[in-house]
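What you see is a predicted model; the values in this text were computed from it and never measured. Residues: numbered from 1 along the sequence shown.
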Amino acid sequence: MRTVAVVGASLAGLSAARSLRKQGYDGRLVVVGDEPHRPYDRPPLSKEFLAGTIGEDDLALEADGEDLRAEWLLGARATGLDRTRRAVRLADGSEVRADGVVIATGAAARGLPGSAGLAGVHTLRTLDDARALRAELARGGRLVVIGGGFIGAEVASTARALGLDVTVVEAASTPLAGPLGERMGAIVSGLHADHGVRLLCGVGVKGLGGERQVDAVLLEDGRSVPADIVVVGVGARPCVEWLEGSGVALDNGVKCGADGRTSLAGVVAVGDCANWYDPRTGAHRRVEHWTGARERPEAAIATLLAGGAVEPGVPRPPYFWSDQYGVKIQFAGHAAGADSVSVEQGRADDRDVLAVYRRAGHPVAVLGMNQPRSFTRWRRQLAAAS
């Protein structure tokens with residue numbers, strides 16, 4: 001290959017570029033990113049950066065002096081992929097022709113319908129999002145977080161530590177029941193009450209109050225929750241609209257094999273936009289976690305450089321972590337399909353627990369709350385059993 005284009009300049013795109021050079025590719029490398037920023041670390045945006053304890057320089061993902069010999073096209077949005085000419089079309093009318101393409105365009109935060117143009121309403125996905133939200137939190141007031149997932153919980157934790165009055169609204173009866181199951185989801189989300197955060201579950205949001213500035217969150221049961229700031233944390237959608245009509249199969253993102261290969265030869269996908277096949281579950285799964293964006297590009301690049309002539313391996317079990325109210329939460333594996341969950345160490349009431357999920361007696365997932373050493377051992381066992 002003479003030219004490889006990596007479309008996406010966040011962690012997954014950077015990891016792909018690094019893997020290309022590490023695996024011996026010495027041709028032209030073009031990295032396209034729709035944000036104007038160099039690659040930066042997203043997890044701290046809802047924690048340390050939002051709290052003001054670290055600055056923008058601390059978010060940099062590139063090492064000092066690192067040179068991938070790449071052409072960086074930043075602030076350039078991809079609008080299409082011409083499979084015949086193998087060209088990535090950009091919003092400014094230009095294009096990048098390439099022999100190989102890595103799709104790493106990530107995901108975008110879902111907004112709340114009808115909230116456009118209303119001051120005080122935020123999503124949190126990008127550095128610019130975090131800058132705007134940090135400035136508002138610094139002024140204090142009443143914060144309502146819509147969505148009790150990990151991003152919402154981290155924002156609530158950070159805002160509470162800054163002294164804000166915080167309410168979390170969750171449509172499901174149990175927050176985090178999807179990734180953790182109802183029993184452990186209830187235990188983890190209990191951290192909110194432990195720290196004086198109001199948690200309203202089993203109720204949807206009807207809309208927002210206010211003319212130019214938000215002043216309330218209106219619930220479907222008729223209640224109104226006063227708010228000076230609102231953060232919408234209701235998930236993300238894969239950024240794949242630009243691939244429509246390209247011949248790349250789309251299904252909740254870019255549909256891929258177990259090694260990132262897509263339906264088009266010479267095109268692989270990695271990161272939050274990639275819906276990889278998981279041999280463990282026999283189904284496709286989009287993994288929106290930091291470790292997946294860092295680890296999986298190595299396999300995808302091997303596939304790309306070999307022209308698809310390598311046998312796909314089995315990806316490591318998905319892993320993610322979250323820091324909330326001073327508690328380190330770690331999870332690996334798949335809770336869905338587990339028929340039992342048992343507490344192996346610690347006490348759930350103390351938020352100091354190691355829980356193992358099993359299916360037919362075999363471990364399929366593990367959750368740790370302030371149990372890093374035991375969790376690491378169990379995570380290795382899950383990977384070894386794959």
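The number of heavy-atom neighbours closer than 6.0 Å to CG of D339, taken from other residues, nucleotides and ligands shown, is above 12. No more than 12 heavy-atom neighbours from other residues, nucleotides or ligands sit within 6.0 angstrom of CZ on R380. By the 6.0 Å contact criterion, CD on E66 is enclosed, its count of non-hydrogen atoms from other residues, nucleotides or ligands being greater than 12. More than 12 heavy atoms of other residues, nucleotides or ligands sit less than 6.0 Å from atom CD of E48.
Contact record, L264 with S246: CD1-O, 3.6 Å, taken as the closest heavy-atom pair. The shortest non-hydrogen separation linking P44 to D41 is CD-O, 3.5 Å. Of all heavy-atom pairs between G111 and V234, the closest is O-CG2, 4.4 Å. Residues S189 and L199 approach most closely at O-CD2, 4.1 Å, considering heavy atoms. The minimum heavy-atom distance between A265 and R86, with the atom names listed, is O-NH2, 3.1 Å. Of all heavy-atom pairs between W72 and E62, the closest is CZ2-OE2, 3.7 Å.
Side-chain atoms of S46 never come within 3.5 Å of backbone atoms of I151 as a donor-acceptor pair (strictly under, hydrogens ignored). In this structure a side-chain-to-backbone donor-acceptor pair under 3.5 Å is present from N275 to R285. A donor-acceptor pair is defined here as one N or O able to donate and one able to accept, closer than 3.5 Å; such a pair exists between the side chain of R21 and the backbone of R69. Of the possible donor and acceptor atoms, one in the side chain of S15 sits under 3.5 Å from a partner among the backbone N and O of L11. Under the 3.5 Å distance criterion, the side-chain polar atoms of E170 are matched with a main-chain donor or acceptor of G148. A donor-acceptor pair is defined here as one N or O able to donate and one able to accept, closer than 3.5 Å; no such pair exists between the side chain of S10 and the backbone of A12. A distance-only check finds no donor-acceptor pair linking the side chain of T174 to the backbone of G185 [under 3.5 Å]. With hydrogens and angles ignored, the 3.5 Å screen pairs a side-chain donor or acceptor of D58 with a backbone N or O of G55. Although no hydrogens or angles enter the test, the distance criterion places a donor-acceptor pair under 3.5 Å between the side chain of T105 and the main chain of C239. A donor-acceptor pair is defined here as one N or O able to donate and one able to accept, closer than 3.5 Å; no such pair exists between the side chain of R77 and the backbone of D34.
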Apply side-chain contact (heavy atoms from CB on, under 4.5 Å) to L81 and R89, showing your working. CA-CA 6 Å; L81 175 62; R89 295 191 295 269; over 6 Å; no
V168 vs L200, side-chain contact (heavy atoms from CB on, under 4.5 Å): CA-CA, chis, key distance, verdict: CA-CA 6 Å; V168 176; L200 305 179; over 6 Å; no
Derivation of the side-chain contact (heavy atoms from CB on, under 4.5 Å) call for V267 and V102: CA-CA 6 Å; V267 180; V102 181; over 6 Å; no
For the pair R142 and D228, evaluate salt bridge (Lys or Arg N to Asp or Glu O under 4.0 Å) and give the outcome as yes or no after the intermediate values. CA-CA 5 Å; R142 299 163 298 181; D228 303 302; 3.1 Å; yes
Tell me, with the steps shown, if D26 and R2 meet salt bridge (Lys or Arg N to Asp or Glu O under 4.0 Å). CA-CA 8 Å; D26 61 1; R2 290 177 297 179; over 6 Å; no
Steps toward side-chain contact (heavy atoms from CB on, under 4.5 Å) verdict (L45, D129): CA-CA 9 Å; L45 295 181; D129 292 339; over 6 Å; no
Could you go step by step and tell me if D194 and R351 meet the salt bridge (Lys or Arg N to Asp or Glu O under 4.0 Å) rule? CA-CA 10 Å; D194 294 348; R351 317 300 186 209; 2.7 Å; yes
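Using modelled atom types and a 3.5 Å distance limit, the side chains of D272 and H289 yield no donor-acceptor pair. For the residue pair R377 / S374, a side-chain donor-acceptor distance below 3.5 Å is found, with atom types taken as modelled. No hydrogens or angles considered: a donor-acceptor pair under 3.5 Å links the side chains of E344 and S342.
Taking CD1 of I187 as the reference point, atom CD1 of I329 lies at 11.5 Å (rounded to 0.5 Å). To the nearest 0.5 Å, the span separating CD1 on I146 from CG on L208 amounts to 5.5 Å. With rounding to the nearest 0.5 Å, the separation of CG in L68 from CG in L20 is 9.0 Å. The distance from atom CG of D215 to atom OG of S224, rounded to the nearest 0.5 Å, is 7.5 Å. To the nearest 0.5 Å, the span separating CG on L250 from OG on S263 amounts to 8.0 Å. Atoms OG1 and CD, from T79 and E244 in turn, are 12.5 Å apart once rounded to the nearest 0.5 Å.
Contact check for D278 versus H334: side-chain heavy atoms found under the 4.5 Å cut-off. For the pair L127/F49, a side-chain contact is recorded, criterion being any heavy-atom separation below 4.5 Å from C-beta on. Inter-residue side-chain proximity for R85 and E95 is flagged as met; some heavy-atom pair is nearer than 4.5 Å.
Counting only residues at least two apart or on different chains, the salt bridge (Lys or Arg N to Asp or Glu O under 4.0 Å) pairs with a member in residues 146-161 are K47-E154.
Because its NZ or CZ atom is not both nearer than 6.0 Å to the ring centre of W276 and within 45° of the ring axis, R286 does not count as a cation-pi partner of that residue.
Partners of A258 under the side chain to side chain contact (heavy atoms under 4.5 Å, CB included) rule, at least two apart in sequence or in another chain, are Y277, P279, P312. Residues passing the ring pair (Phe, Tyr, Trp, His ring centres under 6.0 Å) test with W290, sequence neighbours excluded: W321. Under the rule for a side chain to side chain contact (heavy atoms under 4.5 Å, CB included), the partners of Q23 that lie at least two apart in sequence or sit in another chain are S19, E298, I301, A302, L305. Under the rule for a side chain to side chain contact (heavy atoms under 4.5 Å, CB included), the partners of E35 that lie at least two apart in sequence or sit in another chain are H37, Y40, R42, T126.
At a threshold of 4.5 Å between side-chain heavy atoms, the hydrophobic network of Ile, Leu, Val, Met, Phe, Trp and Tyr places V88 and L243 in one connected group. Cluster membership for V101 and V32, using ILVMFWY side-chain heavy atoms within less than 4.5 angstrom, is shared. The hydrophobic cluster containing L90 also contains W242, counting ILVMFWY residues as joined when their side-chain heavy atoms lie under 4.5 angstrom apart, directly or transitively. A chain of hydrophobic side-chain contacts below 4.5 Å, direct or via other Ile, Leu, Val, Met, Phe, Trp or Tyr residues, connects L50 to L191. V353 and F320 fall within the same hydrophobic cluster, defined by Ile, Leu, Val, Met, Phe, Trp and Tyr side-chain heavy atoms under 4.5 Å apart, directly or through other members.
Between H192 and Y325, the distance separating the two ring centers is shorter than 6.0 angstrom. Ring centroid separation for the pair F331 and Y319 does not come in under the 6.0 Å cut-off.
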Listing, residues 365-372 side-chain donor-acceptor contacts under 3.5 Å, not counting sequence neighbours, or none:
residue, atom, partner, partner atom, Å
N370, OD1, K328, N, 3.0
Q371, OE1, Q345, NE2, 3.4
Q371, NE2, D352, OD1, 3.0

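Of the candidates V144, L118, I229, V214 forms a side-chain contact (heavy atoms from CB on, under 4.5 Å) with just one, namely L118.
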